[in-house]
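One structure is given below, encoded as structure tokens.
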There are 2 protein chains.
Amino acid sequence: MAKINDNGIVREANCSEELMAMRDSLDVLGGKWKLMILRFLTNRTHQVIHFKKMQREIDGISAKMLSKELKELETNLLVSRTIQETKPITVAYAITEYGKSVLPVTETLVNWGLSHREKIIDSINK
Amino acid sequence: MAKINDNGIVREANCSEELMAMRDSLDVLGGKWKLMILRFLTNRTHQVIHFKKMQREIDGISAKMLSKELKELETNLLVSRTIQETKPITVAYAITEYGKSVLPVTETLVNWGLSHREKIIDSINK
DNA sequence: CATACTAGTTTCTCTTTGGTAACCGGTTAC
DNA sequence: GTAACCGGTTACCAAAGAGAAACTAGTATG
């Protein structure tokens with residue numbers, strides 16, 4: 001058994017738990033589109049978002065992938081889907097309260113992406 | 001042109017830049033293993049990490065994938081590879097200073113994974 | 001001389017991912 | 001009536017992802 005005072009072993013145990021937690025996150029949030037969709041919906045909480053609108057505004061996503069990813073996000077309670085009895089019928093997608101808990105993840109990814117781009121541009125100019 | 005004072009349009013422009021930044025991040029950090037490897041190396045900065053050790057301790061990764069992912073991380077200057085003239089020859093992998101800038105991303109993913117697991121367990125027990 | 005360890009690479013295969021394009025039913029505008 | 005919009009689904013196909021197992025090459029051990 002791990003000795004409480006052995007930093008090496010304790011750290012190793014913590015590490016493995018951390019990696020398992022990260023695996024859990026990546027299983028739910030991983031892939032090409034899920035975090036993009038969540039970020040998009042988080043930024044538009046004040047608007048009603050329809051399927052076609054998302055497809056137009058998330059660069060490069062196809063109807064097939066958007067449909068598939070939205071289903072999976074809905075299953076994991078991160079996104080809500082509401083049919084509105086308008087004519088023609090429209091469907092409103094929105095981030096759920098639980099979905100908002102992913103905000104810190106997308107926030108760090110946005111920030112890292114911005115600084116990474118700066119780094120690349122600097123390395124070209126120098 | 002976008003009106004400076006039109007919150008809708010300004011927000012939309014910001015959103016699209018945010019999504020582009022996230023796409024940049026996901027292109028470099030996305031996939032099944034890269035963030036796992038970076039987290040593992042970040043946690044072991046005080047140790048010398050060899051190839052076989054990583055393969056044993058990152059659950060489920062194959063030699064092929066580990067080799068491929070390490071190459072890509074090295075290309076992006078996130079991981080360093082140092083051949084040590086021991087006998088037998090060993091190769092030490094380490095996180096770079098730039099690689100450490102990814103820590104906020106893995107941190108939020110670990111935290112989200114932990115709370116997500118709690119949520120799942122609660123929803124089973126209730 | 002056989003075994004085992006380091007650090008991978010190669011081959012083969014299967015699965016997953018993802019894109020294109022056609023298509024569906026319903027509604028509305030011309 | 002016909003074209004266009006909404007919210008998708010389906011079929012087809014290509015590319016990428018990923019695992020298993022065999023293999024290379026050098027060193028060291030018994």
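Reminder, nothing fancy here: chain letters follow the sequence lines and each chain counts from 1.
In terms of position along DNA chain C, the nucleotide closest to B:Lys71 lies nearer the 5' end than the nucleotide closest to the other residue of the pair B:Lys71 and A:Glu72. Nearer the 5' end of DNA chain D, as judged by each residue's closest nucleotide, is the contact made by A:Ala63, out of A:Ala63 and B:Ile89.
One finds a side-chain N or O of A:Tyr93 lying less than 4.0 angstrom from the OP1 or OP2 phosphate oxygen of D:dG8. Contact check, A:His50 against D:dC6: no side-chain N or O comes under 4.0 Å of OP1 or OP2. Under 4.0 angstrom from either OP1 or OP2 of D:dG7 there lies no side-chain N or O belonging to A:Arg56.
The side chain of B:Ser67 lies closest to C:dG8 when the candidates are D:dA11, D:dA18, C:dG8. With distances taken from any side-chain atom of A:Val91 to the nucleotides D:dG7, C:dT6, C:dA7, the minimum falls on D:dG7. Closest contact between the side chain of B:Trp33 and the listed nucleotides C:dT9, C:dA7, D:dG19 involves D:dG19. Set against D:dG7, C:dG18, C:dT6, the side chain of B:Thr90 has C:dT6 as its closest nucleotide.
Atom CD1 in A:Ile61 sits roughly 13 Å away from atom P in D:dG8 (whole-Å rounding). In this structure, B:Gln55 atom CD and D:dA21 atom C1' are separated by 13 Å, rounded to whole Å. With rounding to whole Å, A:Lys53 atom NZ is found 16 Å from D:dG8 atom P. Rounded to a whole Å, the NZ atom of B:Lys52 is 7 Å from the C1' atom of C:dG8. Across the protein-nucleic acid pair, B:Asp27 atom CG and D:dG17 atom P stand 11 Å apart, rounded to whole Å. Atom CG in A:Leu26 sits roughly 16 Å away from atom C1' in D:dA18 (whole-Å rounding). Across the protein-nucleic acid pair, A:Phe51 atom CZ and C:dC24 atom C1' stand 14 Å apart, rounded to whole Å. Counting to the nearest Å, the P atom of C:dT20 and the CG atom of A:Leu66 are 14 Å from each other.
The aromatic rings of B:Phe51 and B:Tyr93 are tilted relative to each other, their planes meeting at an angle between 30° and 60°.
Contact detail for A:Asp59 and A:Trp33: the closest heavy-atom pair is O-CH2, 3.5 Å. Across every non-hydrogen atom of A:Thr96 and A:Leu77, the tightest pair is OG1-O, 2.7 Å.
A donor-acceptor pair under 3.5 Å is formed between the side chain of B:His50 and the backbone N or O of B:Val91. Of the possible donor and acceptor atoms, none in the side chain of B:Ser25 sits under 3.5 Å from a partner among the backbone N and O of A:Trp112.
Residue B:Lys32 places no side-chain atom within donor-acceptor reach of the base of D:dA18, judged by atom type and a 3.5 Å distance cut-off alone.
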